[in-house]
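For reference, the structure discussed in these notes is given below.
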Amino acid sequence: MNLSMISASVTMGELQKKLDTLSHNIANSNTTGYKRREASFSDLLFQQVNTNKATQYETGRLTPNGIRVGSGAKVSQTALRMEQGTLTTTDRALDFAIANPSSFFEIETVVDGNPVTRLTRDGAFYLTANPNNDNLLQLVTQNGDYLLDSAGNRINIPATFEEITLTDQGTLQVTMPNGANVQAAQLQLIQVMKPQLLEAVGGNMFQLPDLAALGFAENEVCAAVGAGGGAVVQGTLEGSNVDIGREMTDLIETQRNYQFNARSVSMADQMMGLVNGLRR
């Protein structure tokens, strides 16, 4: 395999990763709270091919002697973009949108029988029965994961409630049939200062890696913040921040680059065929 085929074939493999990223963004353009990813490229190592020393016709040359032959390009980073998505009014009491683009709801899910804390911006919640108390309901995601309050506990709602309201202080207030208002829970958000450290775990959720192994203190990466003061809007959902027009343009451009490199492989193969077919 010659150098041109190596460079083109390596780049094609990395372009496929960008195509996968763009396809994932487009597929989730209608997913509540979804944050798009953006792939960026960097050059791989190059090889210095030395030629004859400069002749009298090359006096004044500014570039080094020889030829630099690259090995292609690679995806250097798939960055998570945290721009705010469009807020859509639903008038549903259990729909909550986060107005701060760097904050997340704290969710508890069960993995292999153990409770694990995850983060999400999908604010569409539902009520499910509390298995330990028939008089209480619990607030969960569409996947059945539990929304946590400021104390890190699952949120319980009286089963006989009439109305749920989010106050300006970020408190979930429940109106009972007798007109009494009961404070059910204090909502809390997790603000992430370094979102590129987040690991996607599926289901529109993220988790933090082992921060100590990466050399970060927890307070450098995330912090608990209140849900009051307009940080969370009730009766509203945040759409994805995917711009379909931009994604389609990038998709077409990436496909053209892929075709160009595929053509380079084909031309190199034809040239090798011509050389192998030479006869004395």
Below 4.5 Å, heavy atoms only, C-beta onward: do Val225 and Ser103 meet side chain to side chain?
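Side-chain contact under 4.5 Å: yes.
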Could you measure the distance from the CD atom of Gln188 to the CG atom of Leu147? Nearest 0.5 Å is fine.
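Interatomic distance, Gln188 CD to Leu147 CG, rounded to 0.5 Å: 10.5 Å.
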CZ of Phe206 to CG of Leu80: how many Å apart, nearest 0.5 Å?
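Answer rounded to 0.5 Å: 5.0 Å.
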State whether the number of non-hydrogen atoms from other residues, nucleotides or ligands found under 6.0 Å of [X] atom [atom1] is greater than 12.
| X | atom1 | value |
| --- | --- | --- |
| Met271 | CE | no |
| Asp210 | CG | yes |
| Met267 | CE | no |
| Asp20 | CG | yes |
| Glu218 | CD | no |

Are [X] and [Y] in one and the same hydrophobic cluster, where Ile, Leu, Val, Met, Phe, Trp and Tyr link if side-chain heavy atoms are under 4.5 Å apart?
| X | Y | answer |
| --- | --- | --- |
| Ile98 | Leu237 | no |
| Val233 | Tyr34 | no |
| Leu119 | Leu148 | no |
| Met5 | Phe260 | no |

May I ask you to decide if the ring planes of Phe125 and Phe105 are parallel, tilted or perpendicular, using 30° and 60° as cut-offs?
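Perpendicular: the ring planes of Phe125 and Phe105 meet at over 60°.
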State whether [X] and [Y] are salt-bridged, where the test is any N-O pair (Lys NZ or Arg NE/NH1/NH2 against Asp/Glu carboxylate O) under 4.0 Å.
| X | Y | answer |
| --- | --- | --- |
| Glu14 | Lys74 | no |
| Arg36 | Glu83 | yes |
| Glu253 | Lys18 | no |
| Arg92 | Asp95 | yes |

If we ignore hydrogens and angles and just use 3.5 Å, is the side chain of [X] paired with the main-chain N or O of [Y] as donor and acceptor?
| X | Y | result |
| --- | --- | --- |
| Thr175 | Gly179 | no |
| Arg118 | Glu108 | no |
| Gln270 | Val265 | no |
| Arg81 | Arg37 | no |
| Thr171 | Gln186 | no |

Does the pair Lys35 and Glu238 meet the rule for a salt bridge (charged side-chain N to carboxylate O under 4.0 Å, His left out), with working shown?
CA-CA 10 Å; Lys35 298 302 175 186; Glu238 179 194 13; 2.6 Å; yes
Per the salt bridge (charged side-chain N to carboxylate O under 4.0 Å, His left out) rule, what does the pair list look like for residues 181-199, sequence neighbours excluded?
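Those involving residues 181-199 do not exist here.
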Within the 3.5 Å criterion, strictly below it, is a donor on Ser102 or Asn100 matched to an acceptor on the partner's side chain?
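Checked: Ser102/Asn100 side chains pair up, N/O donor to acceptor below 3.5 Å.
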So which pairs with a foot in residues 126-137 pass side-chain hydrogen bond (donor to acceptor under 3.5 Å, both in side chains), sequence neighbours left out?
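Applying side-chain hydrogen bond (donor to acceptor under 3.5 Å, both in side chains) to every pair that reaches into residues 126-137, excluding sequence neighbours, yields Asn130-Asn156.
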Between Val10, Asn257, Val75, which is the residue that forms a side-chain contact (heavy atoms from CB on, under 4.5 Å) with Leu15?
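It is Asn257, the one option of Val10, Asn257, Val75 that forms the side-chain contact (heavy atoms from CB on, under 4.5 Å) with Leu15.
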Residue that, paired with His24, satisfies side-chain contact (heavy atoms from CB on, under 4.5 Å) out of Leu22, Asn28, Thr21:
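Passing option: Asn28.
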